[in-house]
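First listed ligand is number 1; within each ligand, the first listed atom is number 1. Since the structure is predicted, the reported quantities are computational estimates derived from the model, not experimental observations. Sequence positions, counted from 1, serve as the residue numbers for this chain.
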Amino acid sequence: MRIRTLSEYQVAYKKSVETPELFWDEIASNFQWKKKWDKTLDWNFTEPNVKWFVNGKLNITENCIDTHLETQPDKIAIIWEPNEIGEEFKTFTYRQLYHEVCTMANVLKNLGVKKGDRVCIYLPMIPELAFAVLACARIGAVHSVVFAGFSSSAIADRLIDAKAEFIITSDGMSRGPKAMNIKEIVDGALDKVDFIKKILVINRMNSIVNMVAERDVWYHDANQGVSDECPAEEMDSEDMLFILYTSGSTGKPKGVVHTCGGYMVYSAYTFANVFQYEPDEIHWCTADIGWVTGHSYIIYGPLANGATTLMFEGIPTYPEVDRFWSVCDKHQVNIFYTAPTAIRSLMAYGAEPVDKHNLSSLKKLGSVGEPINEEAYHWFERHVGKGRCPVVDTWWQTETGGIMITTMAGVTESPASFAGYPMPGIQPSLVTPEGKPIEGNDVEGYLCIDYPWPSVLRTTYGDHERCRINYFATYQNKYFTGDGVYRDKDGRYRIIGRVDDVINVSGHRFGTAEIENAIDENPAVIETAVVGYPHDIKGQGIYAFVILESHAEASDDTKKSIIDTLVKEIGPIAKPDKIQFVPGLPKTRSGKIMRRILRKIAEGDTANLGDITTLIDPSIVDLIRIAAI
Ligand code: WTA
């Protein structure tokens with residue numbers, strides 16, 4: 001399963017393309033299955049219908065926990081670093097993790113959670129978040145983690161879509177200098193949701209919260225006298241493991257579905273190879289478990305490899321801007337995997353906060369979530385890695401479940417700003433916007449994947465047609481990523497960015513329609529058009545063009561109220577960077593907003609707006625342009 005040299009990579013890649021089933025068969029055989037699969041792969045990209053390791057039976061937690069009890073029960077599985085430096089960090093060995101997960105699994109069972117039930121998890125980055133995810137997997141419940149930064153309204157949408165009757169949350173959380181009562185946020189979601197059976201509440205802050213009798217249960221009460229052994233439910237390879245909501249170019253966020261067998265194999269395989277994980281290495285992925293990166297590379301990938309994984313509750317700049325580096329030093333981190341936004345924002349403070357700490361334990365660095373610009377890449381490599389750590393720029397998506405295009409640390413190499421080569425098993429192809437194949441090298445196009453890999457999304461929860469239309473219908477027999485890409489003369493890939501109406505703000509995905517719909521909820525607003533524009537720190541910023549009702553004033557107060565609406569509808573992460581009040585929007589005769597023009601205006605490139613003659617009212621463009629921020 002391990003690739004250690006460039007030539008091994010080449011051999012593995014060739015084999016994965018020529019005999020994909022044999023290739024994955026061998027890799028999957030390294031895991032613990034309750035029953036072996038009958039057939040490695042069944043697939044078509046038209047319905048789509050993809051099944052890996054057909055009729056295989058397993059439980060992912062046996063592979064993430066139980067297996068290691070035989071070989072390394074006392075090895076630390078999770079290191080937890082709290083938000084406050086004054087608070088003690090915690091560690092959990094594989095044996096302790098086993099008992100924590102089994103206890104929570106039994107508590108969930110006692111609350112009535114059954115195999116196949118959806119459980120919404122809305123928690124800060126505390127150890128119980130990892131336990132909760134694994135406890136669900138242990139009993140075959142489907143976890144749907146919602147990032148604890150989304151608003152009540154966003155939680156309600158996700159609860160309704162997933163028909164989740166159970167919630168796991170906490171009394172509160174602190175992230176950086178801010179403390180929040182998140183139970184209240186969950187309660188706020190329940191105005192619109194009347195089918196919640198139980199809410200399990202973790203005590204993190206000792207705060208006083210509203211507990212509804214019969215429905216709300218403290219975890220520290222519910223776990224009294226509960227066994228810390230819980231047999232692992234037998235799951236089919238294709239049973240759902242989790243739902244994770246992500247934004248697309250249309251409508252509300254959709255619930256991407258991953259299943260047990262394929263996701264396990266691919267997240268574990270990529271973790272081992274991309275980071276060239278060695279036993280005893282300490283791996284720190286700074287993502288939140290509310291995002292796919294946290295699922296695959298804080299929890300499942302590292303634990304399936306028996307690694308030590310670090311979870312951090314706080315933010316990079318609290319209490320000081322050197323927190324990341326002080327944590328690396330304190331816990332002797334070997335693999336450090338973070339996002340370009342974090343690097344760019346920390347770069348602004350110079351090298352001094354980094355140099356204060358001993359970072360000699362670092363061996364490998366990684367980047368994920370958005371394109372990394374050369375300056376950030378070099379700063380990361382030079383100041384954090386001291387020029388001796390390979391940097392892997394890993395391209396992938398919520399829908400892909402694991403890393404797809406990347407270099408592997410010390411095995412393959414790519415210039416800065418290039419993700420690099422496809423992982424074994426990944427068959428990328430380029431097409432023109434119209435779908436014409438683009439062959440050869442030194443070419444640019446829309447990125448598709450031509451063949452299934454074990455952790456490709458299986459569906460979007462409750463709406464398979466939406467999955468087909470979004471990912472498999474744009475180009476026949478291809479999974480369409482939504483990203484534009486350049487392939488250089490050596491076959492390496494450089495991700496250019498989204499080519500659809502998805503904006504990537506600090507590595508967080510938003511659909512323009514999602515933000516527009518939220519802004520339109522404000523009573524002062526008639527219509528909105530949102531585009532992304534280049535932002536030095538965030539990668540992309542949100543620029544909103546807003547038409548106001550005649551009674552509304554084009555004032556800072558109205559802007560503030562629009563921001564408040566967004567925070568209420570989606571959460572603070574969706575705050576727009578710029579709001580411009582406009583008398584109208586550039587629309588074609590069929591009523592479509594010409595975003596291309598708005599994008600140019602937002603970028604400040606107003607000299608070259610292209611053809612605007614197809615607009616109903618071309619004069620509106622000048623009015624918007626002159627007043628652009
Ligand atoms: C972008 C995060 C360039 C891309 C794992 C993709 C990247 C979207 C990279 C998925 C990278 C992610 N280089 N762009 N290394 N990694 N992206 O679903 O546009 O939150 O489509 O998954 O982020 O975001 P998601």
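In summary, the atoms of ligand 1 found under 4.0 Å from a heavy atom of Thr394, numbered by their order in the structure, are 9 (C), 11 (C), 15 (N), 16 (N). Within the listing of ligand 1, atoms 11 (C), 13 (N), 15 (N) sit less than 4.0 angstrom from a heavy atom of Asp393. Close contacts between ligand 1 and Thr293 involve ligand atoms 5 (C) [criterion: under 4.0 Å to a heavy atom]. Within ligand 1, the atoms closer than 4.0 Å to a non-hydrogen atom of Arg498 are 6 (C), 19 (O), 21 (O), numbered from 1 in the order shown.
Taking any N or O of Asp483, backbone or side chain, at least one lies under 3.5 Å from an N or O belonging to ligand 1. Checked against a 3.5 angstrom limit, the closest N/O atoms of Thr246 and ligand 1 fall outside it. Among the atoms of Thr481, none of the N or O lies under 3.5 angstrom from an N or O of ligand 1.
Close to ligand 1: Gly369, with a non-hydrogen atom less than 4.0 angstrom away. Within the 4.0 Å heavy-atom shell around ligand 1 one finds Trp396.
Side-chain polar atoms of Glu399 and Thr246 form no donor-acceptor pair below 3.5 angstrom. Remark: the Tyr297 side chain and the Thr270 side chain contain an N/O donor-acceptor pair separated by less than 3.5 Å.
With salt bridges taken as basic N to acidic carboxylate O contacts below 4.0 Å, none links Arg494 and Asp393. Salt bridge annotation for Glu278-Arg4: present, with a cationic side-chain nitrogen under 4.0 angstrom from a carboxylate oxygen.
From Ser267, atom OG reaches atom NE2 of His295 across 11.0 Å, with rounding to the nearest 0.5 Å.
Counting protein heavy atoms only, atom 3 (C) of ligand 1 is closest to Pro371 N, 3.1 Å. The nearest heavy-atom contact from the protein to atom 13 (N) of ligand 1 is Glu370 O, 3.4 Å.
A ring-centre distance under 6.0 Å is found for Phe336 and Phe324. Under the 6.0 Å cut-off for aromatic ring centres, Tyr479 and Phe472 qualify, their centroids lying closer than that.
Contacts between Arg509 and ligand 1, counted as non-hydrogen atom pairs separated by less than 4.0 Å, involve the side chain only. If you look at Asn504 next to ligand 1, the close heavy atoms, those under 4.0 Å, all belong to the side chain. With a heavy-atom cut-off of 4.0 Å, Thr398 touches ligand 1 through backbone and side chain alike.
Taking 4.5 Å as the limit, every side-chain heavy atom of Arg344 sits out of range of all side-chain heavy atoms of Asp536.
Counting all heavy atoms, side chain and backbone alike, Phe23 lies closest to Ala12 at CE1-O, 3.6 Å.
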